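Here's the structure we're looking at; comments come further down.
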Amino acid sequence: MGHLTGKTAIITGGGRTVLADGRCGSIGYGIATAYAKEGCNLVLTGRDEQKLLDAKEELERLYGIQVLPITANIRSGADNEAIVDDVIKQTVDKFGRIDVLINNAQASEAGVPLAVHTTEQFDLAIYSGLYAAFYYMKACYPYLVETQGTVINFASSAAMSGGLGQAANGAAKEGIRALSRVAATEWAEDGINVNSICPLAWTVQLEKYKKAYPESFKKNWPTPPMKRFGDPELEIGRVCVQIANPDFKYMTGETIMLEGGMSLRP
């Protein structure tokens, strides 16, 4: 029996992504793997249907849980509330409950200086990150009240430090952090635990960023003191398990910094 057996978690941006050595290559899939190992049924959303289907096949085969993959893309010009409402309906129809909401998905054109940032690039980050968190939190709220559940939102240490080329991503992430604090205050009386995480993990996306913008990467993400970046599953994912574990929860409203495998509380 795992810590989360019988529970249901929604993870946005949870499609299967792996590094060349076979380890989890994205934070979303790292969390999904950690949760699957604890017996949690999963609803995984994302823009790439094949990555979601690959995640379903692997996680169900290895860990004996159930995975519901749903293609969902929160974006400018779409009926985003309807998209999210459909995800929630499918979740409740299949599993009957929502215990954990993890707003991990985020798309952005990182590395673009503010002075030349376009409205389309800004919208990409704001809608996929901030608006997505807003819509999912609102839609999940009634079900999280029933389960006295958990919300985990992903912010960014680069946003907090004003990283180069992070205008849209930083704005979205700081908005998510503020939204998390408000929800933590308002929902505490409902027994809902809300936290935000600012991770630093080695992912396929970060690897691509390093190749495309080596100078920006060097300034924004210097090597952590432990001489390595965090692991999406073993560190980021395990912290997410701990936050949702009914036997132990971080104090609601807290921002959790994760860098090189070390958890710090500011």
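Because the structure is a prediction, the values reported are computed rather than measured. Count residues from 1 along the sequence.
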Between N153 and S196, is there a side-chain donor-acceptor contact under 3.5 Å, judged purely by atom types and distance?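 Side chains of S196 and N153: no pair found under 3.5 Å.
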
Using only heavy-atom distances, determine whether the side chains of N245 and Q242 contain a donor-acceptor pair under 3.5 Å. no

Indicate, with yes or no, if [Y] and [X] share a hydrophobic cluster defined by side-chain heavy-atom contacts under 4.5 Å among Ile, Leu, Val, Met, Phe, Trp and Tyr.
X    : Y    : value
V241 : L62  : yes
V239 : F154 : yes
L53  : V18  : no
I27  : L234 : no
L200 : L19  : yes

For [X] and [Y], which heavy atoms make the closest approach, and how far apart are they?
X    : Y    : value
G15  : Y29  : O-CB, 3.4 Å
N104 : G13  : ND2-O, 3.1 Å
A201 : F229 : C-CB, 4.1 Å
G46  : L52  : N-CD1, 3.7 Å
E235 : G230 : OE1-CA, 3.0 Å
S128 : A107 : OG-N, 2.9 Å

Backbone N or O of T118 within a donor-acceptor pair of the Q121 side chain at under 3.5 Å? yes

Is a side-chain donor or acceptor of Y35 paired with a backbone partner of I11 at a separation under 3.5 angstrom?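 Checking the backbone N and O of I11 against the side chain of Y35, no donor-acceptor pair under 3.5 Å is found.
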
Any non-hydrogen side-chain atom of [X] less than 4.5 Å from a side-chain atom of [Y]?
X    : Y    : answer
I83  : I74  : yes
L44  : L59  : yes
I243 : T150 : yes
L114 : Q166 : no
V84  : D86  : no
N41  : K7   : no

By side chain to side chain donor-acceptor pair (under 3.5 Å), which residues pair with [X], not counting sequence neighbours?
X   : result
T8  : none
N73 : none
E49 : none
N80 : none

Pairwise salt bridge (Lys or Arg N to Asp or Glu O under 4.0 Å) hits with a residue in residues 14-42, at least two apart: R16-E58, D21-R23, R23-D231, K37-E233, E38-R238

Could you tell me the separation between the [atom1] atom of [X] and the [atom2] atom of [Y], rounded to the nearest 0.5 Å?
X    : Y    : atom1 : atom2 : result
S108 : H117 : OG    : NE2   : 7.5 Å
E109 : N169 : CD    : CG    : 11.0 Å
S180 : I197 : OG    : CD1   : 10.0 Å
I102 : T45  : CD1   : OG1   : 11.0 Å
L42  : I31  : CG    : CD1   : 10.5 Å
S156 : R177 : OG    : CZ    : 10.0 Å

Before accepting this row, confirm whether a basic side-chain N of the pair D85/K89 lies closer than 4.0 Å to the acidic partner's carboxylate O. no

Is the shortest side-chain N to carboxylate O distance from R97 to D99 below 4.0 Å?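 So R97 pairs with D99 through a salt bridge.
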
K94 vs Q66, test: side chain to side chain contact (heavy atoms under 4.5 Å, CB included). Steps then yes/no. CA-CA 10 Å; K94 183 171 180 62; Q66 295 184 67; 3.4 Å; yes

Only pairs under 3.5 Å count here: list side-chain donor-acceptor contacts from residues 130-147, not counting sequence neighbours, and write none if there are none.
residue	atom	partner	partner atom	Å
Y141	OH	D190	OD2	2.7
T147	OG1	I98	O	2.8
T147	OG1	Y143	O	3.3

Is there a side chain to side chain contact (heavy atoms under 4.5 Å, CB included) between L68 and Q90 once you walk through the steps? CA-CA 8 Å; L68 174 61; Q90 290 191 56; 4.1 Å; yes

Walk me through whether N103 and I152 qualify under side chain to side chain contact (heavy atoms under 4.5 Å, CB included). CA-CA 6 Å; N103 285 305; I152 303 172; over 6 Å; no

More than 12 heavy atoms of other residues, nucleotides or ligands under 6.0 Å from NZ of K56: is that the case? yes

